[in-house]
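Read the structure below first, then the notes.
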Amino acid sequence: MTDATHEGAKRHRSLLTVDAQTKKRNAAEARFKVYGMVAILAGLTFLVVLAVSIIRSGLPAFSANMVQVELTLSQEQYAEAEGQLFKTRAYADIFNAAFTAELRERGLTTEFDPESIERIIGQPGATIRSFYRANEDQLGQPVTFNLPTASRIDGYFKGRLLRENVTDSRFLTLADLDLADELKEAGIIQSQFNWTFITGKDSSVDNPGGAGLGASVIGSFAMMLVVLFLSLPIGVAASIYLEEFAPKNRITDLIEVNISNLAAVPSIVFGILGLAVFIQFAHLPQSAPLVGGLVLTLMTLPTIIISTRASLKSVPPSIRDAALGVGASKMQAVFHHVLPLAMPGILTGTIIGLAQALGETAPLLLIGMVGFVAREYPDGLVSAFMDPNSAMPAQIYTWAARSDDAFYEKAWGGIIILLVFLLAMNLLAILLRRRFERRW
Amino acid sequence: MSKLTITTSAAAILALTAGAAVARDNVQIAGSSTVLPYASIVAELFGDNTDFPTPVVESGGSSSGLARFCEGVGENTIDIANASRAIREREIETCAANGVTDIIEVRIGYDGIVFASQIDGPAFTAFTPSDWFLALAENIVVDGAIVANPNITWADVNADLPAVEIAAFIPGTKHGTREVFEENVLLQGCEDTGQMAAMMEAGLSEDDAEAACMAVRTDGKSVDIDGDYTETLARIDANTNGIGVFGLAFYENNTDKLKVATMGGVAPSTATIASGDYPVSRPLFFYIKKAHIGVIPGLKEYAQFFMADEIAGPNGPLANYGLVSDPELAEVQATIENETVMGGGM
């Protein structure tokens with residue numbers, strides 16, 4: 001291209017000197033590198049900001065300020081409380097009276113009236129009632145209870161609620177805060193790891209201290225089981241047929257286009273379909289993880305079919321040819337040779353599909369899994385699938401919509417737990433791929 | 001085969017599970033997001049205090065709750081619809097057409113609608129219905145001619161109000177709160193300012209004038225919030241000049257972020273609402289499908305528990321959360337006890 005002997009010496013080019021055009025090209029390359037780095041840096045910044053804000057807002061949900069108090073409930077008190085309509089209120093009254101008496105005996109410096117105690121302690125009634133109902137032999141003996149403080153007191157100790165923002169109201173007065181401070185100093189109120197948040201069920205707006213994610217984790221798990229056991233066999237069977245056996249013609253082309261389209265359908269559409277088909281037509285129970293699982297199966301199927309077909313395609317034809325060459329039938333070639341080699345890809349696709357389904361809220365909205373769903377833990381396999389339950393993302397959504405800051409904090413905490421599950425699933429996908437992957 | 005696969009697989013699953021479909025043992029509730037906190041408090045207490053499972057309470061708005069309520073009778077429909085307004089004639093007709101004929105109406109109590117803004121924002125401390133009508137109406141009458149609302153700042157409306165741009169966040173049309181807002185604030189303001197009379201003079205019929213009074217401007221000064229109050233709060237947080245419409249209970253739980261304005265000179269509180277002095281309050285309801293009583297375990301018990309003196313009375317947890325309890329609680333209790341349906345039938 002460049003020859004030095006050609007007429008004009010002006011146009012002489014040397015490999016050793018950099019001419020304008022080369023400079024320009026080099027500059028373009030350098031610029032592109034910078035663009036790339038900026039893009040990555042921007043992405044990383046967003047990731048860090050997101051992670052920091054989630055952790056900062058969510059970590060407080062994992063601790064709780066608890067009150068440790070010893071209570072002795074007599075047989076008569078138990079019988080009287082059980083005889084009322086509003087039993088938990090009766091237990092709370094007994095508890096508050098006992099606690100007030102104990103504090104009076106200790107001789108606190110802060111003057112307080114019994115109503116302060118009521119505002120500092122959250123909702124102790126349900127915990128105490130369920131304990132004594134299960135352990136009637138403990139009546140008459142001292143039992144130490146570990147009870148959450150009211151959400152405003154908890155928020156005060158966590159810095160969510162500032163003293164200067166408190167005006168005396170029926171929910172909280174400044175005198176309550178003085179008393180709470182003294183109790184904290186005396187070690188009666190202690191900050192502990194919040195097990196209720198991990199193991200509990202949803203609670204009403206009035207009782208943020210009792211709210212937990214545990215029941216909805218079970219709900220999510222039941223749904224994932226349904227999704228796994230339906231979408232994996234159906235998805236794999238469909239893709240093997242389409243990829244290996246089906247003739248290539250207009251109909252299969254049409255099906256292929258439709259699967260790709262289905263993968264892009266907004267998830268809420270599957271929710272509407274689920275409501276119409278599973279609940280209104282098939283009369284399956286509302287708010288049940290079974291129905292949630294079925295709806296999410298519909299949503300996950302296209303993802304699994306597409307990834308399975310891709311991994312079947314990536315198995316070299318030479319494997320099939322060799323198997324057929326030594327006399328294997330088409331089915332033997334597929335099941336003995338192609339499928340095992342495609343398995344890592346199929347599993348990865350399935351796990352990614354499941355992770356996607358795990359984080360899905362929109363379709364659950366329509367089948368009644370979003371709302372106040374606070375059932376006890378399911379007492380068996382059937383009840384785990386058929387009884388109303390929530391799911392992790394649905395629970396987080398519900399909490400975020402409540403007026404109390406304490407629930408907002410729990411929503412962030414729930415996001416952390418959900419992310420841990422998602423990271424674990426993605427890690428599993430990566431490990432499986434690493435372990436079984438073969439390069440050709 | 002995608003669609004075929006999916007439908008056949010769905011059919012197979014249904015065939016498998018249809019036989020196993022167990023009877024529902026929990027009460028299923030849906031409806032107003034204003035009633036939701038109260039309903040969830042009662043649902044939790046009901047689960048804690050009785051041997052029945054905790055009912056499931058869904059949100060979504062009064063209209064969508066009543067629409068689901070009227071879908072029909074049977075285990076796959078909801079048992080109770082929560083509503084922040086009374087059921088409409090049209091909805092009763094829909095219900096009847098779908099076989100839901102016997103409906104028990106239960107009035108839970110009253111809720112106040114308050115007008116609140118950012119605690120550090122401009123000094124919105126006193127409003128009248130007239131201010132809100134002039135600020136939010138789509139058209140108003142100026143010199144005998146109906147023109148598009150020219151008011152841009154609150155000071156244009158009333159010289160006593162801060163001179164900041166109008167930015168109101170009001171409940172969307174599917175909320176029961178909207179109806180109360182339209183009737184007790186906009187229509188009231190329309191009449192107070194003499195605008196309604198002026199509109200009729202300008203040639204509108206009475207019905208048209210009334211509709212024009214309640215038409216809200218669509219130029220972005222007023223924003224419909226279709227979600228719940230948390231969304232309104234978020235909008236107010238982001239907009240110093242914003243004013244939102246909230247329930248009294250929600251406001252009382254967020255006094256550190258919001259400041260409330262008086263309406264017509266009366267400050268909202270449970271006392272002024274119970275006495276009827278505060279002009280913008282509305283009754284809250286839930287509706288029970290009578291056909292489900294005795295079929296769904298715990299349905300009647302839930303309603304009885306909800307309206308018991310200990311729960312819905314003036315010293316109960318609902319009043320503590322912000323509900324103004326019904327002075328005629330005993331009558332409501334009798335309605336549930338006798339399963340008295342609407343329209344006088346049995």
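Both backbone and side-chain heavy atoms feed into the values below; hydrogens, waters and symmetry mates do not. So that the names make sense, note that chain A is the first sequence line, chain B the second, and so on, each numbered from 1.
- When all heavy atoms of Ser40(B) and Val205(A) are compared, the closest pair comes out as OG-N, 3.8 Å.
- Heavy atoms of Ala400(A) lying under 4.5 Å from chain B belong exclusively to its backbone.
- Nearest heavy-atom pair across Glu58(B) and Gly368(A) is OE1-CA, 3.1 Å.
- For Gln280(A), the parts lying near chain B are the backbone and the side chain together; criterion is any non-hydrogen pair under 4.5 Å.
- In terms of non-hydrogen atom pairs under 4.5 Å with chain A, the most contact-rich of Asp256(B), Thr77(B), Ile41(B) is Ile41(B).
- Distance check: Phe46(B) CZ to Thr88(A) OG1 gives 12.5 Å after rounding to the nearest 0.5 Å.
- Expressed to the nearest 0.5 Å, how far CG of Leu85(A) lies from CG of Asp309(B) amounts to 9.5 Å.
- Residue contact with chain A, scored on non-hydrogen atoms closer than 4.5 Å, involves the backbone and the side chain of Glu252(B) alike.
- The environment of CZ in Arg163(A) is crowded: more than 12 heavy-atom neighbours from other residues, nucleotides or ligands sit within 6.0 Å.
- Using a 4.0 Å cut-off between charged side-chain N and carboxylate O, Asp48(B) and Arg133(A) make no salt bridge.
- With a threshold of 4.5 angstrom between heavy atoms, Asn49(B) approaches chain A through its backbone and through its side chain.
- The number of heavy atoms from other shown groups lying within 6.0 Å of CZ (Phe305(B)) is above 12.
- Across all their heavy atoms, Val56(B) and Ser287(A) have their closest contact at CG1-OG, 3.8 Å.
- Contacts of Pro317(B) with chain A are made by both backbone and side-chain atoms, with heavy-atom separations under 4.5 Å.
- For the residue pair Glu44(B) and Asp202(A), the shortest heavy atom distance occurs at OE2-O, 4.4 Å.
- Ranking Lys201(A), Glu82(A), Arg152(A) against chain B, the residue ahead of the rest is Arg152(A), based on heavy-atom pairs under 4.5 Å.
- If you tally non-hydrogen atom pairs under 4.5 Å between each of Asn76(B), Thr54(B), Asp25(B) and chain A, the highest count goes to Asn76(B).
- Comparing Asn320(B), Ile311(B), Leu36(B) by heavy-atom pairs within less than 4.5 Å of chain A, the highest count is held by Asn320(B).
- Comparing Gly371(A), Gly235(A), Ser204(A), Gly125(A) by how many heavy-atom pairs each has under 4.5 Å with chain B, the most go to Ser204(A).
- Heavy atoms closer than 4.5 Å to chain A are found nowhere in Tyr229(B), neither backbone nor side chain.
- The greatest number of non-hydrogen atom pairs below 4.5 Å with chain B, out of Leu254(A), Asn207(A), Thr398(A), is found for Asn207(A).
- With chain B as partner, the option from Phe385(A), Phe372(A), Tyr408(A), Tyr91(A) having the largest number of non-hydrogen pairs under 4.5 angstrom is Phe372(A).
- When all heavy atoms are compared, the tightest approach of Gln286(A) to Glu75(B) is NE2-O, 3.6 Å.
- For Leu233(B), no part lies under 4.5 angstrom from a heavy atom of chain A.
- Atom NZ of residue Lys257(B) and atom CG of residue Asp405(A) lie 4.0 Å apart, to the nearest 0.5 angstrom.
- By the neighbour-count criterion of 12 heavy atoms within 6.0 Å, atom CZ of Phe229(A) is sparsely surrounded, having that number or fewer from other residues, nucleotides or ligands.
- Chain A forms more heavy-atom pairs under 4.5 Å with one residue of Thr230(B), Leu45(B), Thr50(B) than with any other, namely Thr230(B).
- No donor-acceptor distance shorter than 3.5 angstrom exists from the side chain of Glu310(B) to the backbone of Phe86(A), with no hydrogens or angles considered.
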